[in-house]
Amino acid sequence: MNLRIEETGIAGAVVVSSLRRGDARGGFARWFCEDELASVLEGSHIVQINNSVTAEPGSVRGMHFQYAPHAEKKLIRCIAGRVFDVVLDLRCGSPTFLQWRAVELAAGDDRAILIPEGCAHGFQALSADASLLYLHTAAYAPAAEGGVRHDDPRAAIAWPLPPKNLSPRDLQHALLASDFDGISL
Ligand SMILES: Cc1cn([C@H]2C[C@H](O)[C@@H](COP(=O)(O)OP(=O)(O)O[C@H]3O[C@@H](C)C(=O)[C@@H](O)[C@H]3O)O2)c(=O)[nH]c1=O
């Protein structure tokens, strides 16, 4: 077994840790394995790989998701620096609807978080030049993008640093309506 799967308390959102094998030359670890992740991938396949670099600590990107039929799972790993990574459950009828969980991801920790369909994702850089690698199960579909404000009071995400450097798009997300009861997949 190369990958260990740990629950976050939000169904389908899991932390995937890789076993790193060291030797005199350095180390080797498997970062993705369709077979070992079959129980969480549920038949979906990786179709796109993206990277972002966030220059300044405190910067926040998110909270993002794609609506059906472009809903996606994302497996996210920090490959430089350190981030506070957040999953927010937006699924209609979910027992953890509007709950969030955070995981600190750092380069070299051999951990990734899997964000399921119907959950929004965002993060705050905790270091300079924090770089994330995204493995997506659906292609980027700008018309299907959805967003929740990083400071939405119904989500009440406790960012560790004062949030800054939000993109114009992220500043324009509407607040969740008081009768918002989730998205359907
Ligand atoms: C997400 C994305 C953006 N773009 C373009 C659009 C824009 O010109 C530029 C930057 O896009 P954004 O401002 O949306 O980048 P960003 O705010 O970093 O978007 C990302 O945020 C985190 C929280 C996620 O979870 C990701 O899935 C993704 O939504 O790159 C693509 O071409 N393909 C993509 O898949």
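Starting from 1, each residue takes its place in the sequence as its number. Order of listing sets the numbers, starting from 1, for every ligand and every atom in it.
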- Got the closest protein heavy atom to atom 22 (C) of ligand 1, with its distance? Y134 OH, 3.1 Å
- Determine, step by step, whether V83 and L132 satisfy the side-chain contact (heavy atoms from CB on, under 4.5 Å) criterion, reporting the C-alpha distance in whole Å, the side-chain angles of both residues, the deciding distance to 0.1 Å, and the verdict. CA-CA 9 Å; V83 302; L132 292 192; 3.9 Å; yes
- Item | Nearest protein heavy atom under 4.0 Å from atom 25 (O) of ligand 1, yes or no | yes
- Query: Parallel, tilted or perpendicular for F180 and F97, by the 30°/60° rule?
  - Reply: tilted
- Message: Check this for me: does any side-chain nitrogen of one of D151 and R149 sit under 4.0 Å from a carboxylate oxygen of the other?
- Response: yes
- Task: Would you kindly specify which portion of M63 sits under 4.0 Å from ligand 1, judged on non-hydrogen atoms: side chain, backbone, both or neither?
- Result: neither
- Message: F32 vs I46, test: side-chain contact (heavy atoms from CB on, under 4.5 Å). Steps then yes/no.
- Response: CA-CA 10 Å; F32 178 77; I46 302 303; 3.5 Å; yes
- Derivation and outcome, salt bridge (charged side-chain N to carboxylate O under 4.0 Å, His left out), residues D152 and R154: CA-CA 6 Å; D152 194 290; R154 290 193 67 195; 5.9 Å; no
- Query: Between the side chain of R77 and the main-chain N/O of W31, is any donor-acceptor distance below 3.5 Å?
  - Reply: yes
- Message: Strictly less than 4.0 Å: does any protein heavy-atom distance to atom 29 (O) of ligand 1 fall in that range?
- Response: yes
- Which of the numbered atoms in ligand 1 are below 4.0 angstrom from a heavy atom of K74? 24 (C), 25 (O), 26 (C), 27 (O)
- Item | Within-cutoff protein neighbour (heavy atom, under 4.0 Å) for atom 20 (C) of ligand 1 | yes
- Message: Please report whether atom 35 (O) of ligand 1 has a protein non-hydrogen atom at a separation of less than 4.0 Å.
- Response: yes
- Starting from atom 32 (O) of ligand 1, locate the nearest protein heavy atom and write down its residue, its atom name and how far away it is, to 0.1 Å. Y140 CE2, 3.7 Å
- Message: Only heavy atoms of H136, strictly under 4.0 Å: list the atoms of ligand 1 that pass.
- Response: 27 (O)
- So which bit of I115 gets within less than 4.0 Å of ligand 1, heavy atoms only: side chain, backbone, both or neither? neither
- Query: Between the side chains of N2 and R21, does any donor sit under 3.5 Å from an acceptor?
  - Reply: yes
- Message: Could you check whether atom 8 (O) of ligand 1 has a protein contact, counting only heavy atoms that fall below 4.0 angstrom?
- Response: no
Report all side-chain donor-acceptor pairs from residues 166-173 shorter than 3.5 Å, counting only partners two or more places apart or in another chain.
| unit_1 | atom_1 | unit_2 | atom_2 | d |
| --- | --- | --- | --- | --- |
| S167 | OG | D170 | N | 3.0 |
| S167 | OG | D170 | OD2 | 3.4 |
| R169 | NH2 | H64 | ND1 | 3.3 |
| R169 | NH2 | H64 | NE2 | 3.3 |
| R169 | NH2 | E145 | OE2 | 3.1 |
| D170 | OD1 | H64 | NE2 | 2.6 |
| D170 | OD1 | H173 | NE2 | 2.8 |
| D170 | OD2 | G62 | N | 3.0 |
| D170 | OD2 | H64 | NE2 | 3.3 |

- N or O pair under 3.5 Å between D170 and ligand 1: no
- Answer yes or no: is there a donor N or O on one side and an acceptor on the other, between the side chain of W159 and the main chain of Q124, under 3.5 Å? no
- Message: Out of all atoms in ligand 1, which are within 4.0 Å of some heavy atom of R61? Include the element for each.
- Response: 16 (P), 18 (O), 23 (C)
- Query: Would you say atom 12 (P) of ligand 1 touches the protein, meaning some protein heavy atom is under 4.0 Å from it?
  - Reply: no
- Message: Just to confirm my output: which protein heavy-atom neighbour is closest to atom 14 (O) of ligand 1, and how far is it?
- Response: R169 NH2, 3.3 Å
Could you pull out every donor-acceptor pair under 3.5 Å between side chains of residues 10-19 and any protein atom, sequence neighbours left out?
| unit_1 | atom_1 | unit_2 | atom_2 | d |
| --- | --- | --- | --- | --- |
| S17 | OG | E6 | OE2 | 3.2 |
| S18 | OG | R30 | O | 2.7 |

- Examine E72 against ligand 1 and note whether any of their N/O atoms are separated by less than 3.5 Å. no
- For ligand 1, the portion of H64 having any non-hydrogen atom under 4.0 Å away: side chain
- Message: If we check side-chain hydrogen bond (donor to acceptor under 3.5 Å, both in side chains) with H136, which of these qualifies: K73, K74, E72, Q66?
- Response: E72
